[in-house]
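A short write-up of the structure that comes next.
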Amino acid sequence: MAAPDSPSAALQRRDLCSRGIRLAGKMRSDVVDLLEAYVERQGLDASASVAAVEGVPVAAAERWDEQTGTQRLLENLAAYRAFRALLAQMLEEQREQLGEADAALGRALAAVLLQVSAFAYHLEELLRLESRGPPSEEAAGPPPASHLSLFERKLRGLGVLRELAQWAVRSTRDLRQLAKPSPGSSSAPSPAESP
Amino acid sequence: FTALCILNESCLDFGNIYASQIIWKVKNRVVPKEQYREINRTVSSVTFNDTSSLATPLTCNILADGQIEQNIYGITVTIGLPPEKPTNLSCIVHQLSKLTYPMTCTWNPGRHTFLDTHFRLKYRWPQENFPDCIPKDVNNSCTITDVQFFVNLEVWVEAENALGEAESDPLVLDPIEIVKPLSPHNLSVDSGILPTVLKLSWENRISAPVMNLKFNIRYKIFGDTNWMQVPPEDIDSPRTSFSVQGLKPYTKYVFSVRCMKEDGAGYWSDWSEEKTGVTTEDKPSKGPAIWRTIEASHSPASWTVHLMWKALEPFEANGIISHYEVTVRAKSALSSPADKYNVNATNLTLKMPNGTYEVTVIAHNRAGASPPSVLLIPASNSKAPVKNVRTVPKDGKLWVRWTAPNNYVLKYVIEWCLVSNSADCIIEWQNEPGNIQGTYLKGDIKPFKCYLITVYPLYADGQGSGQSVKAYLQQDRPSKGPTVQTKKVGKAEAVLTWNHLTVDEQNGFIRSYTIFYKTIDGNETAVTVDPSKTEYTLSPLTSDTLYTVRMMAYTDEGGKSGPDFTFTTQKFGKGEIEAIVVPVCLAFLLIVLLGVLFCFNKRDLIKKHIWPIVPDPSKSNIAQWSPQVPAKHNFSSKDQMYPEGSFTDVSVVEIEADDKKSFSEQDLKPFDLLKKEKSTSEGHSSGIGGSSCMSSPRQSVSDSDEGETTQNTSSTVQYSTVVLNGYRDQTPVQVFSRSESTQPLLDSEERSEDHTGGGDSTTQRQQYFKRNRSQDETNADRPCFERTKQITCANEGDLAGFAQLQIADQSSQLLGLGLEENTHEAALSDVLLTSTEGQNMRAETVERNAPSVDEMPKSYLPQTVRQGGYMPQ
């Protein structure tokens, strides 16, 4: 693992941040497109308000600008790991529900899932550059949705995508913040400070 | 490759079969023993150092007792190679739609393995594997349907077959770096406010979050082939529109756009579809080039001036030219107002007085007017002309060069036209600036055509006269040769003429003519002739010889022969025939003349030999020795003389006796002289002694008193009986004279013409008896006198007015010529008359026994007769 302040590590971090930002931007763009397709295909109202869904991380953060880089990375990583599980579940449900009939929606969902995975990988790499390995992935996946009705599943999927779009925006801002040259500050937060 | 064949131990026991008996075969072909090796009693091996000689199946056979081959075992051999390591792996992401980015990777699969080799493209993220990409139908590329950007992807290729597997070097890349995006679409071109600006707009098909784009914009004038590009640094940032500046007014442009990742990673997209746009109009940038031709008018004091100007090129017109404003101002009279014309065409014909004029042309379009073009038309081209105008073909064009005059030249006008027989010289022209001394002709200059090029220098205050030159862009051989003809052919020379080839036939400058001429079997001779000539004299030629001549006309590129022409030289030269004929004729004439003179001088001698003097019987002295002439017998009875009814076919002509002299000797010629030869007397005349042309025997008998004597005395000759009629009203004196001579004719006297006989004078009246036509014809057709023949010239018994002549001179060649009837009759009458008189005279002479010759009457016309009794011929 590279030293945090070595030139190559800084270069690699900048590259990771840059590509992460681009990835987050593309992910948001794709999620927005996917949202439209999802609402249309699932017969939902685009303006329907969805209450907080269990297991879906919330992008909004208090005192966001006071967060350290590591905190941001850890929060992002946790969120995207959760999104990855949720999207995988949605993809499976999608296949069960619509079969191969709506391949386009499934492909878009799979693409977003890949991007979420890729973004999670970016975050893990950045955490490694921060001299702290990524936390081990919790074995427990997303809460089982088997108890939910089909409609509730659709609403939860809508909530997942909307929140993912929000997280894509937040992640872009987090990575930009990380990309800013702030000597010595990035490693200040301690693990105890992370949520 | 080595194979082993191991025999079961039991074979040794039961069949006495050992490894030494093993025979190896490849595809039923025995493998040479050198490749065998007996390892022990039960094992034999075969080795193939060259696997190319190995084939399937490879069998192990045993040679059993009785030389029987028995197959023991066989294997199928497959020859192949293990896969090589795939190399040159590269990938590209083609954008197919806004969200579809398949990635195609290609590699070099290496050598052919001869085996079924499987390639698979493997890729993975560091934390995630993806299913392999299996190529379909190919072994060097595979397409991953969807890739995610911004994460490094590790890509490699695995190759595997029965003999092994190989793996390429991994390729680690972020697919976003290898994208070939879709080209911008929905390109549109809008005219801007300025006539030099067009605004382009388009849509990008790759979202900004995925990729920031930079662009290329290319454009060209519609119809051109070369593209221009907007400077790349102007469009290296994401955008969807751009204003292209620096364009030409009122010009149609074609645009196209492409894009790629902003940082230059990846690939340029294809060019977008082309869109056209037209810039707005602007004022014409310059005035039209103007020139004139001046046509002398009938009146010497005025001109017909054809003004012509060239339509502006589109890049000069900057729009649609609506009209031209032409101003003509006479320079001599400054106070006179200028004439203005608005013309839509590009020419204007004006008839105006001689003088100096200034012509101004301004082109107008919707955006405004052009700067004026000015042409000074001087009263005369009195300024210095250019010198040494010459042309050079260069780069497929005709380059005209000239030497500038010493004065400052404003500009030059080069005028040219195609010289042709079939069309008029249509003038084309172009303007050139005054600082040059050569230019290309800006027109469709065709090769092999003659152009007349004229250069005029234009000065600020006048114009120089034009200097012309003829030129060809490219020369060729003439299209035909001259047709040669002869103008004049002599004995040793021939003058050939021909016409010059027409301009259309020349195809170049005629440098020379060559005349080829030859005889049929001779060598061809060539003569080069100056091209200005149209006539040539070939010499020396052989006389009376057939020559073939043809003519070639040469340009710089070669010659062309005209048709053959043949001619034959004359046998004699001019004047040769005359030189021969004239002397011959003169000599002939001289000889004739000399002959005539000779004959004239020697006429007496000639006459003596050719025309001897016939002795005159009147001078004969026979009478002197002959016995007494018997008594005359006069027949007084007219009736006896002319028995009635004896004239059956007689017409009577009365002729004045006085007129007898009017008959010339010529008139007497046709008279048939009769002769009778006594030895051949026969028929009616034989008994009468004297010949009686018209006396009948009966009459003769009756007239003869001494008929018996006559008949019995052969020596008695009755010479003649002459009966004359009276002349007109006079009583005819009938005379019958009869020769009573018994003197036989002497042979020596046969030549003399002896007119003897007697006849009574009857009357003064003479009657002519016109005999019928048959008798005339008889007289005319043959002579009445022949030497030994007696011819009766009148019907028997018709004896009125008759002269009976007997001519004894057998040597005389007398010809009786028949004339026309009247003449004949007239002559006959005269002869009869004269003859009668002569006979009378002679009768009298006989009776009186003789007067002299000189005493013969003058009326006896033919002198010859008077001299010798010779009848006129």
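Labels below follow one simple rule: chain letters A, B, ... track the order of the sequence lines, proteins then strands, and each chain is numbered from 1.
Evaluated for a side chain to side chain contact (heavy atoms under 4.5 Å, CB included) with B:Val151, the options A:His122, A:Glu125, A:Gln115 yield exactly one hit, A:His122.
Within a 6.0 Å sphere centred on NZ of B:Lys220, heavy atoms belonging to other residues, nucleotides or ligands number more than 12. Counting non-hydrogen atoms of neighbouring residues, nucleotides and ligands closer than 6.0 angstrom, the CD1 atom of B:Ile193 reaches no more than 12 such neighbours. Around CZ of A:Phe151, the count of heavy atoms belonging to other residues, nucleotides or ligands within 6.0 Å does not exceed 12. Applying the 6.0 Å contact sphere to CD of B:Glu128 captures more than 12 heavy atoms from other residues, nucleotides or ligands. Within a 6.0 Å sphere centred on NZ of B:Lys248, heavy atoms belonging to other residues, nucleotides or ligands number 12 at most.
In this structure, CG on A:Leu114 lies 5.0 Å from CZ on B:Phe130, to the nearest 0.5 angstrom. To the nearest 0.5 Å, the span separating CG on B:Asp174 from CZ on A:Arg19 amounts to 4.0 Å.
Using a 4.5 Å cut-off between heavy atoms, A:Asp33 touches chain B through its side chain atoms alone. The parts of A:Ser117 that come within reach of chain B are both its backbone and its side chain, each placing non-hydrogen atoms under 4.5 angstrom from that chain.
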